[in-house]
Amino acid sequence: MTPNTAKNKRKREHQAENKARVVSVLPVPRELLVAGVPLEPEIEVARQARMEALKAELRAMITQGKTEQALDSVMATLVTMERENDVLAWRVLQATRYRFGRSTERLSRDELKQLFLAFGGDGVAAQTEQELPVPAPEQPEQVSNEKALDAQGQEASPSACTTPKKKRHRVRAMKVAANVERNVSTVLVPQDERHCCNCKQEMKPFGYVEHETIRFEPAKIVVDVERREKLGCDCRKDAVTAPRVSVPSVARKVDASVLAKLIKDKCSLCQPLDRQRREFGRMGLDISDKTLQSYWDYTTDLLEPVSNAVLAGVFASVIVAADDTHLKTLNKSQKHGVFRGHLWCFVGTEGTVNGRETVAYGYTPSWEAIEITDWFSSIDGFIQVDGYAGYSREVEDDEGETRVAVPDERRLGCGMHIRSKFHQALLAKDGRASVPLKCFAELYAIEEDCKARNLSADERLDERRRRSLPLLDALDEWVDTIHPKLLPKSPLRRATTYAINQRSYFRRCFDDGRFEIDNGRCERRIRPFAVARRNFLFTGSVRGGERLATAFTLVDNCIILGIDPQLYLVDVINRIESGWSLRRLCELTPANWLAQQAAQQ
């Protein structure tokens with residue numbers, strides 16, 4: 001190798017090193033990190049000696065005509081020193097923050113403001129209000145025969161409206177039949193206001209200001225009428241109206257009981273909104289489809305922050321089971337005007353045998369892995385799923401880093417899905433599939449026996465090691481023996497291929513007594529939605545699928561906890577509409593709500 005070739009090679013190496021340099025951007029000036037830090041004299045002497053040696057080396061290289069090589073050597077030294085300084089400065093900053101920085105988990109004002117804006121809150125309110133409430137969406141579209149009234153029941157003047165009226169589509173007004181029960185409470189004008197302020201004579205009643213609120217009661221519609229007395233003097237110079245007993249936080253024709261019924265019946269009784277509209281009609285309340293849909297949209301949007309809090313709690317569980325089911329979604333731009341969306345079910349447990357389950361739902365417009373990666377990356381515990389390939393597919397996040405939805409070291413398999421493949425082979429008249437099916441029957445018999453004896457996690461682990469692992473070893477040996485002998489496209493070959501691919505995940509279920517050997521709890525929770533889907537058939541948009549996931553999250557948790565969904569939803573809707581604090585959002589989840597009710601009794 002000639003001297004010029006070696007020189008060019010070293011030059012290219014230095015240039016590549018300079019290009020590969022990653023500049024660390026520190027959040028504070030570097031000078032502030034080393035200000036006022038004294039150094040030992042011995043360190044300064046040693047550094048001066050090294051600098052003198054480097055200077056002599058560089059002078060010798062320049063004397064020999066190696067100027068370019070000398071410059072490259074200086075640049076490489078500077079790059080290395082600056083990189084080391086940045087790393088050390090960053091470590092000092094992190095250590096300082098850890099030692100003296102903010103350590104509380106309580107949300108700061110800025111963090112709470114960002115959460116308020118993320119839930120659709122007003123930017124002006126975020127800057128001005130001291131205590132941020134849970135943001136509420138716009139009121140649903142409805143038509144009433146009553147005049148516009150302000151909070152105290154007085155007619156609102158056009159000049160008082162600060163926001164321009166939106167162009168309203170023609171919506172048929174609600175009608176209440178004459179035979180519907182009405183509870184009328186009369187509010188009289190106070191005694192000190194019953195005399196005319198002009199002639200001092202006692203005023204006489206000439207009418208009432210009525211406020212009707214439609215309240216749902218099981219199997220009937222009731223109209224609450226607050227009749228406020230109006231007094232007027234014969235001189236026609238003065239009039240007065242009795243004040244309202246209680247001013248509602250939201251001026252709406254129906255109260256929270258009607259909104260709660262829409263959510264409860266669609267999720268727990270699988271009743272579409274049109275079927276509920278006809279039920280209201282039989283009770284005497286004639287309400288249009290559009291108004292009812294507007295109430296559904298408003299209520300699910302109002303409850304969405306609570307549903308997100310439940311979803312976050314599920315993701316924080318020790319073990320999370322996940323599965324999905326399809327949901328047709330309307331879209332005029334798609335072929336045939338519909339595409340296949342997916343509703344995902346997440347069931348979280350704390351690792352105790354027969355412990356309480358918490359369920360949450362989410363919607364994705366497709367089955368792509370990128371749609372679910374953010375969800376699964378929020379889970380720190382073990383994740384039990386089936387053999388969907390998207391769980392192991394690599395995707396890039398927003399920062400350009402490659403990751404998979406479900407890491408292999410925290411993934412648990414599902415025995416139900418493995419068994420179903422062999423069952424399909426048996427239905428295809430392949431009698432050899434009866435061998436693994438018999439093995440699965442014995443495995444599930446052991447699991448059933450452990451549950452019947454109410455064994456703890458450690459005791460169940462001992463039983464699995466003693467009784468289940470020999471069966472599992474025999475199953476794996478049979479699969480490895482017969483797999484090479486099968487035709488590539490035969491049903492049994494597909495079953496053995498699936499079993500081999502899921503072997504490591506399925507065997508991990510037997511390494512800890514807290515784990516279940518299948519994903520059955522998630523399959524059972526998602527079954528009511530599959531039944532409801534046969535009634536409402538589809539959702540009208542992607543946003544409609546997200547609203548459906550919100551409703552099923554809250555209602556399904558109420559059913560698990562034994563809570564009446566009607567009572568829970570009415571209370572939560574009233575609290576949010578009354579300005580519930582965003583900081584106390586988690587208190588509205590079904591589990592925390594039940595604990596509060598138990599403490600009050």
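Predicted model, so just to flag it, every value in this text is computed and none were measured. For the single chain, residues carry numbers from 1 onward in sequence order. Heavy atoms only: backbone and side chains are in, while hydrogens, waters and symmetry mates are out.
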Any donor-acceptor N or O pair under 3.5 Å, side chains Thr329, Tyr363:
yes

Whether the side chain of Thr553 engages the backbone of Ala549 through a donor-acceptor N/O pair (distance < 3.5 Å, no angle test) should be reported.
yes

Answer yes or no: is there a side-chain heavy-atom contact under 4.5 Å between Thr539 and Leu327?
yes

Go through the steps for Asn557 and Trp593 under the test side chain to side chain contact (heavy atoms under 4.5 Å, CB included), then give the verdict.
CA-CA 11 Å; Asn557 279 284; Trp593 183 88; over 6 Å; no

Output yes when a side-chain donor or acceptor of Gln384 lies under 3.5 Å from a complementary backbone atom of Arg411, and no otherwise.
no

Keeping Arg460 on the side-chain end and Gly513 on the backbone end, is there a donor-acceptor pair under 3.5 Å?
yes

Looking at Glu516 and Lys451, does any basic side-chain N land under 4.0 Å from a carboxylate oxygen?
yes

Under 6.0 Å from the CE atom of Met81, do we count more than 12 heavy atoms belonging to anything else shown?
no

When rounded to the nearest 0.5 angstrom, what distance separates CG in Leu311 from OG1 in Thr358?
11.5 Å

Which atom of Ile62 lies closest to which atom of Ala70, heavy atoms considered
CG1-CB, 4.2 Å

I'd like to know if Arg507 and Asp473 make a salt bridge, using a cut-off of under 4.0 Å between side-chain N and carboxylate O.
yes

So how far is it from Leu115 CG to Leu582 CG, rounded to the nearest 0.5 Å?
4.5 Å

Do Ile526 and Trp344 make a side-chain contact, defined as non-hydrogen atoms from C-beta onward lying under 4.5 Å apart?
no

Sidechain-backbone polar pair: Arg403 side chain, Ser377 backbone, donor-acceptor under 3.5 Å:
no

I'd like to know if the side chain of Asp324 pairs up with that of Tyr388 as donor and acceptor (distance under 3.5 Å, no hydrogens or angles considered).
no

Does a side-chain heavy-atom distance below 4.5 Å link Arg503 with Asp480?
yes

Kindly check if the number of other-residue, nucleotide or ligand heavy atoms within 6.0 Å of CZ (Arg91) is above 12?
no

Check against side chain to side chain contact (heavy atoms under 4.5 Å, CB included), Trp375 and Thr364
CA-CA 11 Å; Trp375 279 339; Thr364 57; 3.6 Å; yes

If you look at every heavy atom in Gly390 and Ala405, which pair is closest and at what distance?
O-CB, 4.1 Å

Closest heavy-atom contact between Phe116 and Ala126?
CD2-CB, 3.7 Å

Counting N and O atoms only, with roles assigned by atom type, does the side chain of Arg464 sit under 3.5 Å from a partner on the main chain of Phe510, one being a donor and the other an acceptor?
no

Would you say the side-chain atoms of Trp580 pair up with the backbone N or O of Arg584, donor to acceptor, closer than 3.5 Å?
yes

At what distance, to the nearest 0.5 angstrom, does CZ of Phe538 lie from CG of Leu330?
5.0 Å

Rounded at 0.5 Å granularity, tell me how far CD in Glu477 sits from CG in Leu472.
12.0 Å

Would you give the length of the straight line joining atom CG of Leu443 to atom CG of Leu469, rounded to the nearest 0.5 angstrom?
9.5 Å

Could you tell me whether the side chain of Thr300 and the main chain of Asp297 form a donor-acceptor pair under 3.5 Å?
yes

Quick one, Leu548 and Tyr361 - any side-chain contact, counting heavy atoms below 4.5 Å?
no

Cys267 and Asp556: side chain to side chain contact (heavy atoms under 4.5 Å, CB included), yes or no, with the steps?
CA-CA 8 Å; Cys267 298; Asp556 210 1; over 6 Å; no

Would you say Ser366 and Glu371 make side-chain contact, with heavy atoms under 4.5 Å?
yes

Does Asp323 form a salt bridge (Lys or Arg N to Asp or Glu O under 4.0 Å) with Arg521? I'd like the steps, not just the answer.
CA-CA 10 Å; Asp323 204 353; Arg521 55 193 171 192; over 6 Å; no

Any side-chain heavy atom of Leu585 sitting closer than 4.5 Å to one from Val306?
yes

Can you check whether Lys421's main-chain N or O pairs, donor with acceptor, with Tyr498's side chain at less than 3.5 Å?
no

Side-chain contact, heavy-atom cut-off 4.5 Å: Lys113 with Asp110?
yes

Answer yes if the ring centres of Phe346 and Phe376 are under 6.0 angstrom apart, and no otherwise.
yes

Would you kindly say whether Glu394 and Thr402 are connected by a side-chain donor-acceptor distance under 3.5 Å?
no

Are Leu302 and Tyr298 side-chain neighbours, meaning at least one heavy-atom pair lies under 4.5 Å?
yes

Spacing of Arg467 atom CZ and Ile446 atom CD1 [to the nearest 0.5 Å]:
4.5 Å

Heavy atoms of Gly123 and Leu117 approach each other most closely as CA-CD2, 3.8 Å

Under 30°, 30 to 60°, or over 60°: which ring-plane class applies to Phe506 and Phe440, parallel, tilted or perpendicular?
tilted

I need the minimum non-hydrogen distance between Pro590 and Val310, along with the two atoms involved.
CD-CG2, 3.9 Å

Quick check against the 3.5 Å criterion: does Arg583 have a side-chain atom that pairs as donor or acceptor with the backbone of Glu131?
no

With a 4.0 Å cut-off on N to O distance, would you call Asp301 and Arg543 a salt bridge?
yes

Minimum heavy-atom distance between Tyr505 and Ser392, given as atom pair plus value
OH-OG, 4.4 Å

Asn519 side chain to Val385 main-chain N or O, any donor-acceptor pair under 3.5 Å?
no

Run the numbers on Glu350 and Ser317 for side chain to side chain contact (heavy atoms under 4.5 Å, CB included), then give the verdict.
CA-CA 6 Å; Glu350 295 304 320; Ser317 301; 3.7 Å; yes

